[in-house]
Amino acid sequence: MRVLSVAEKPSVAKEIARILSEGSSQQRRGVSQYNACFGFDYDFGNGRRAQMVVTSVTGHLMESDFAESFRGWHSCDPVALFTAPVVKYVPEDKVDIKTNLENEARRADELLLWLDCDREGENIGYEVIEVCRGANPRLAVKRARFSALIPRDIHHAARTAGPPDQRMSEAVDARSEIDLRLGAVFTRFQTLLLQNPFDTGVVSFGGCQFPTIRFIVEREREIEAFVEEPFWRIDVEHVRVDHATAERARAQFEWARGRLFDRLACVVLYEMCVEEPEATVVAVNRRRTTRAKPIPLATVELQREASRKLRIASDRTMAIAESLYQRGYLSYPRTETDKFKEGTDLAGLIALHTAHPGWGPFAARLAAGEFGAPRDGGHDDGAHPPIHPTRGVGATELSGDEARLYEYIARRFLACCSRDAVGDQTKVEVSIAGEGFSTSGLAVLARNYLDVYPYDKWEARTVPAYEVGEAFVPTSVELSESRTVPPAPITEAELIGVMDKHGIGALARAARRCVASAGGSRAMRAGAARRAPALRVCAPVRVRPAAGTRITGRRAARCSPAQGRTRLSLSTLQRCKHASTLRSAAAPPSSRPSSAAA
């Protein structure tokens, strides 16, 4: 029996042939110079042996377009494209690949599809079936399903191959036809309408492109409409010295009101605190707290975190991940699944890393008993597991962005298999002249997953020991001024997250196209240039230190931003006490952005 195996990419075909033949395949050139053929004998088990030829395509073999009579810009009314016939055909640059498949199919008894196990892969598989059965109608067809290019998965996929899923392929055809019709109708309509008056060129439309650009435009409008405003807050600091050890413990107390946009109101409250500065401890709350380990890694989260924490663009991230997958280092990188199924050999996957000089010692700790079951992220696409390493690496085996991305994925996987970090949190509340202030401290008891996952920060914060009813005089009570700042321009990481939230794009492929189409905007370029941009659609207002005011009697003088403090004389305090009604920051004017924590 002769079996024709077809992979989605030449590199995947080469790796599959190497695994199935155990390195003994014979390579020969096909009709297409980039799609070689690999021949060898293979034992499927149960006495079933076959001569196998492995070759490949390069992504989609066919394209969709309108019938020839509808392709001209002025061939019909744009609305007619909603019902115009759509045809699939092999483009000129793929004819050699088509001929190669036809030649191999004529000599084969069975077609074994090794396309990526997602909807796009299923659709490419049916394109291959159409071409091969056109040359050999009696060809039997099977579908190999795998998630990693490693011997265990590949041999299992070859021996348990089943029928392809036509419904998944038709879903892709439906989406493709909808995209084609909507894009062609509105692009043609907009271009013909606007081209002459405005000399615009082609004004394109895309089902993902337009809502994605909307998010960027909305952020730009928020930035342009933003009006900067000053606000004030009271800062309290207390430094306690242990006379036995001479150690100093410092506590920074935050005002319960947060901030006020009414300077006079804030000055009056500050006056009260200065005249009666004694602080009384009204509550000390201690509780055990945890920091949850990350959930298993899905595609959108990988793109977002790589952009945010590694500063690698989403398209570059996916190109690297796919390259690592094709070389057997990672599982399939396009997945919506963020939970491991029962029965997954997590212990075996952890053991792959015990020899690594960086994170190997932590992997050994997990193998020795510190393992914790991964969290359930709540999503399962039913096709692939979460992204995880499938092969260990040496210290210098990878380099550059490949090494950085692999390290992130490996550390993330080990963190998922660890335990939550544990700490004791202490919150101290004090009252000064009726105004509430609080501070909090943290003692980290067990770092656990944080030992291998440096991308999360959970640092200990020490505060002096306080008891309820204790009274003390703060080291300083200061009135500080700052100004609101506009939300940051939207970033690529944020845009990917918003697209995922609103269900825009088909996983990584469409996400990359949409981000690329939006990438020329000023907002995207500005956001990408920032070291630590805001990462929410409607970012809360943040603050930066601004020039303060030093008040002495009736005179007010500007001071440098470094000073940025207000100290008041006794005469000023007395006058402020008879001021008008206080205006709280809890209800700022409607033109003012949200007064969430600065």
Side-chain angles (χ1 to χ4, degrees), residues 231-289 423-445 459-482 543 545 548-552 563-579 581-586 595-598:
F231 64 86
W232 293 264
R233 66 174 182 266
I234 301 174
D235 297 328
V236 175
E237 181 180 73
H238 181 225
V239 179
R240 174 171 289 178
V241 180
D242 187 331
H243 297 290
T245 62
E247 291 184 355
R248 297 163 63 89
R250 185 186 304 272
Q252 296 280 354
F253 288 86
E254 296 181 357
W255 194 15
R257 296 178 185 268
R259 59 185 179 177
L260 295 180
F261 287 87
D262 190 316
R263 178 181 172 279
L264 182 59
C266 201
V267 166
V268 170
L269 295 173
Y270 172 71
E271 270 286 335
M272 296 165 56
C273 294
V274 170
E275 285 197 339
E276 301 177 20
E278 185 176 77
T280 303
V281 179
V282 296
V284 178
N285 298 311
R286 298 181 177 88
R287 66 182 182 89
R288 183 63 51 87
T289 185
D424 276 341
Q425 188 174 56
T426 302
K427 183 176 182 180
V428 180
E429 298 177 18
V430 303
S431 175
I432 304 176
E435 288 297 301
F437 299 85
S438 65
T439 187
S440 61
L442 174 68
V444 179
L445 304 179
E459 303 297 337
R461 300 184 302 276
T462 303
V463 295
Y466 295 101
E467 299 294 336
V468 175
E470 177 184 351
F472 62 88
V473 176
T475 305
S476 67
V477 179
E478 296 184 330
L479 182 65
S480 61
E481 177 187 351
S482 296
V543 298
T549 303
R550 183 179 295 109
I551 301 177
T552 54
Q563 293 168 321
R565 300 288 181 180
T566 303
R567 294 187 181 278
L568 294 91
S569 66
L570 180 60
S571 59
T572 304
L573 297 175
Q574 292 170 339
R575 286 196 301 274
C576 288
K577 284 188 175 180
H578 302 287
T581 306
L582 307 182
R583 178 160 62 93
S584 171
S595 59

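The residues of the chain are indexed from 1 along the displayed sequence.
What you find for Arg250 and Glu237 is that their closest heavy atoms are NH1-OE2, 3.1 Å. Nearest heavy atoms, Gly469 versus Thr280: O-CG2, 4.3 Å. What you find for Ile234 and Leu269 is that their closest heavy atoms are CD1-C, 4.0 Å. Residues Leu442 and Glu459 share a closest heavy-atom pair of CD2-O, 3.5 Å. For the residue pair Gly436 and Trp255, the shortest heavy atom distance occurs at O-CD1, 3.5 Å. Taking all atoms of both residues into account, the shortest heavy-atom contact from Cys273 to Ile432 is SG-O, 3.8 Å.
Taking 4.5 Å as the limit, every side-chain heavy atom of Val428 sits out of range of all side-chain heavy atoms of Ser440. Side-chain contact between Trp232 and Ser480 is absent, with no heavy-atom pair separated by less than 4.5 Å.
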Open item on the list: For a side chain to side chain contact (heavy atoms under 4.5 Å, CB included) check, start with the C-alpha distance between Cys266 and Leu479, then their side-chain angles and the critical distance, and finish with the verdict.
Closed with: CA-CA 8 Å; Cys266 201; Leu479 182 65; 3.2 Å; yes

Task: Verdict with reasoning, Arg461 to Gln425, per side chain to side chain contact (heavy atoms under 4.5 Å, CB included) - done: CA-CA 9 Å; Arg461 300 184 302 276; Gln425 188 174 56; 4.2 Å; yes

- [ ] I would like to know whether Tyr466 and Phe472 meet side chain to side chain contact (heavy atoms under 4.5 Å, CB included); could you show each step before the answer?
- [x] CA-CA 10 Å; Tyr466 295 101; Phe472 62 88; 3.6 Å; yes

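Panel note: side chain Thr289, backbone Gly423; no donor-acceptor pair is recorded below 3.5 Å. Side chain of Thr426 to main chain of Arg286: no donor-acceptor pair is present (N/O by atom type, distance under 3.5 Å, no hydrogens or angles). In terms of modelled atom types and a separation under 3.5 Å, the side chain of Glu470 and the main chain of Glu467 share a donor-acceptor contact.
Atom CZ of Arg233 sits about 10.5 Å away from atom CD of Glu481, to the nearest 0.5 Å. Annotation: the span from Leu260 atom CG to Tyr270 atom OH amounts to 14.5 Å, rounded to 0.5 Å. Taking OG1 from Thr475 and CZ from Arg248, the interatomic distance works out to 8.0 Å, rounded to the nearest 0.5 Å. Once rounded to the nearest 0.5 Å, the distance linking CD of Glu278 with OG of Ser431 reads 10.5 Å.
Checked for salt-bridge contact, Asp424 and Arg288 meet the test: a charged N lies under 4.0 Å from a carboxylate O. Between Lys427 and Glu254 no salt bridge is recorded (no basic side-chain N to carboxylate O distance below 4.0 Å).
Two rings, from Phe253 and His238, have their centers 6.0 Å or more apart.
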